[in-house]
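We name chains A, B, ... by the order of the sequence lines, and we start the count at 1 in each one. Keep in mind the model is a prediction, meaning the values are calculated, not measured.
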Amino acid sequence: MNKWLKLTGILILALALVISLGGCGTTTEETAGGDTINFGYSSGFTGDMAPWAEPVVNAANAAIDEINAAGGILGKQVVLYAEDNKSGVEGSVQAATKLLSVNKCTVILGPESDPIMALQSFAKENKIPVIGTQCGTSALDAIGGTGNYLWRTSPSDSFIGICEANVVKNTMGIDKVCIMYENTEGSTSAAESFTHNFEALGGTIVNTIVMSSNQSSYSSEIKKAVDSAPQLLYISTGQVVANTLLKEIYQKSIEIPLLGTTELQNDELVAAVQQAAVGLMSVRVVENEDSTGWDRFVELYTDKFGVAPMAGYYQSNSYDATIIAALALAAAGENTGEAIENKLSEVANPPGVKVGSYADGIAELAAGNDIDYEGASGPCDFNEFGNVNGPAVAVMEVSSDLKWVQTQKIDATGF
Amino acid sequence: MLTGTALFLSSILTLAAIYAVIALALNLEAGVDGLWDLGVVSFVAVGAYTYTMLTVSPASAGQSYIMGFGLPMWVGVLAAGIAGSIVAFLIGKPTLKLKNEYFLITTFAFAEVIRQILTNERWLSNGVAGVYNLAQPFKTYFTPSVYPYILLLLLVIIVFIVYVVVHRLTYSTFGRSLKALRENEPLALTAGIRPDRFHIRAFVIAGFFAGTAGAFYVWYSTVITPSLFTSDITFFVWMAIVIGGLANNKGAIVGSVIFVLAGESLRFLDLGSGFAVRMASMKIAILGLILIAILKWRPQGILPEKKVKFSNSSKNS
């Protein structure tokens, strides 16, 4: 064996040692009986989901601070461990493995669509609830809920598709729509859901145009869309594609109304494309902006981070997931994933005393009452598969002074 | 006692082992033969999808993919390798006549074409939605806390087998012919070594092993979507073999292990969740610096290719 092989062996051993030392002091036994309760957060700090990462982790941290200020859970302070899932499957497995085995977390919050789907068997086998806060994939529509360890506080694309289709067909009175979507999982899922529901309502999809990511121009795609003479263009893309697409639509002076998915509903896109964003509409499940929960959250987040939260960044969903997990653990009285799993629906769903904060929740629990958490993102009532719907939708539009403004609020209970 | 850290370590070493199989395949064609292949991920993708389509149950409501025969895993792995070889042959036949830089661009483009087909042709493999909750080998026999070690053991055995095969090929007449073509193609031609035949063989063999690695990747991820098979895998494996030592098979394994370990060990630079997002970007920069330092320290890689020495007797005969 030559000296370089020996040196390489030493290097590998050293790296392994770094990992081992990093994990020292966090065995299951120590944590279960230790001084803290550990929550995990898995999100794409790098990769496609990176623009959303800091806001959602901030929101979870805001919730953790609130929980700790209220005395923690079962008398222990909560620590949030955040791991980068690299916006993908491979990173999601690594992040979850570390959060579970090294950090001894009893719940994992945050993963997006592909990352949470990669944890389907992992969550169930290891009995650790995984609560997605920014995943719309319709693949999760019927596989989560109690006993399956998968949940989400962000609405499914299926539900948003129903809302969008109803707003376009019944509220706006539009019959002919052209779909333009980016061929990524999230964008495709949203476009398919809209198409299915719009056609079910009697609408016509005059053309469906698939776009690849990172093209320098979408001129030919725009021409095809315009040639199909739609009354509205439905745009389901990530921000990078939307940036190029919206600018080109504006430069070509196309005056067809634009409806973007919730992901496009953020100030950074508006700031990037400026006047090209004016008139862009987006439908979102109402985060009860006129509710106490939303107001509390806006104040809390703004005070802590100096900027107001936005719908397209899923901060309220992240905050709610953290509070619900904490209340479930408090209600269970036991720091295990299985105990949290069994109480998630109970603390979030009726019947029970409606509570809008962690402090109110533990006060009611201490008084021996059932609780029904109503959060910043809405009622947060889980169905049997661990999905949440919303009571209403808001139609948002970019105004001439480059602000997202709510133009309509529509009751979604009949959708 | 099996600690949580050991469990995490076993998980990342399993991933390193999968990359090591791809690196050994790439090393044969790129290191030994000198083919600048930037499309190795296409073999991995085709292998992964072939394995999945053959071993998974028929598509359920809401899904759409071909086959779904529910065949045994070993059949799937073998088919994954064969599919990788076939794709390598089909890509290699027209492209191996090109010079290095053109070959590089063409293989890169082919890999992207294959990914786009998998993305857009939903009838073929369920498009961007992919297939989830895929089975792992021997999982029912072990508890979840033990299984990661079993999967690691399985992958270590596979890496060893692939290493032995590739090592023997490297030092066989075939391997020496590839090196001759790499060093001086006109001179190799005068010795009767036909570039077209040898290049395509190396390419097809590499396709076989990279294809099987696709099946192993499915074992690890339990999910298959086109987004798994971006050029990131190609660049990752190239970096691994360059760091490990181009044309050295041990180097390919060492490079893969170091690269994965270096990346994942940075997860332990924990400054709290408030800084986690910013630290993630910093970690990439730190990883880059580590790689630069290694290449500065060992420009030929950690384990450079061994020079072949010929005995005087053969020289005199």
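No other option in A/Val89, A/Ile64, A/Thr46 has as many heavy-atom pairs under 4.5 Å with chain B as A/Val89. If you tally non-hydrogen atom pairs under 4.5 Å between each of A/Ala95, A/Ser212, A/Gly44 and chain B, the highest count goes to A/Ala95. Of the residues considered (A/Val210, A/Asn126, A/Ile143, A/Asp114), A/Asp114 shows the highest number of contacts with chain B, using heavy-atom pairs under 4.5 Å. Comparing B/Ala276, B/Gly244, B/Gly127 by how many heavy-atom pairs each has under 4.5 Å with chain A, the most go to B/Ala276.
In this structure, the portions of B/Asn133 lying under 4.5 Å from any heavy atom of chain A include both its backbone and its side chain. Residue B/Thr225 touches chain A through its side chain alone, counting heavy-atom pairs closer than 4.5 Å. Residue contact with chain A, scored on non-hydrogen atoms closer than 4.5 Å, involves the side chain of B/Leu15 exclusively. Only the side chain of A/Ala139 comes within contact range of chain B, judged by heavy atoms closer than 4.5 Å. Using a 4.5 Å cut-off between heavy atoms, B/Arg115 makes no contact with chain A at all. Neither the backbone nor the side chain of B/Tyr147 comes within less than 4.5 Å of any heavy atom in chain A. Both the backbone and the side chain of A/Asp84 come within less than 4.5 Å of a heavy atom in chain B. Heavy-atom distances place both the backbone and the side chain of B/Ser11 under 4.5 Å from chain A. Within the 4.5 angstrom heavy-atom criterion, only backbone atoms of A/Thr184 (N, CA, C, O) approach chain B. Of the two parts of B/Gln116, only the side chain, counted from C-beta on, holds a non-hydrogen atom closer than 4.5 Å to a non-hydrogen atom of chain A.
Ring geometry for B/Tyr141 against B/Phe138 counts as tilted: the plane angle lies between 30° and 60°, on a 0 to 90° scale.
Under the 4.0 Å criterion applied to side-chain N and carboxylate O atoms, A/Glu83 and B/Arg267 are assigned as salt-bridge partners. Under the 4.0 Å criterion applied to side-chain N and carboxylate O atoms, A/Glu192 and B/Arg122 are assigned as salt-bridge partners.
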Legend entry - Stepwise side-chain contact (heavy atoms from CB on, under 4.5 Å) test for A/Thr133 and A/Arg152: CA-CA 6 Å; A/Thr133 63; A/Arg152 62 176 155 192; over 6 Å; no
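Side-chain contact check for A/Tyr319 and A/Glu66: at least one donor-acceptor pair (N or O, by modelled atom type) lies under 3.5 Å. Residues A/Asn85 and A/Tyr41 have side chains that never bring a donor and an acceptor to within less than 3.5 angstrom of each other.
Between B/Tyr19 and B/Phe236, the gap from one ring centroid to the other is short of 6.0 Å.
Counting only heavy atoms from C-beta outward, the side chains of B/Tyr65 and B/Val56 approach each other to under 4.5 Å.
For the pair A/Lys98 and B/Phe268, the cation-pi criterion (under 6.0 Å, within 45° of the ring axis) is fulfilled.
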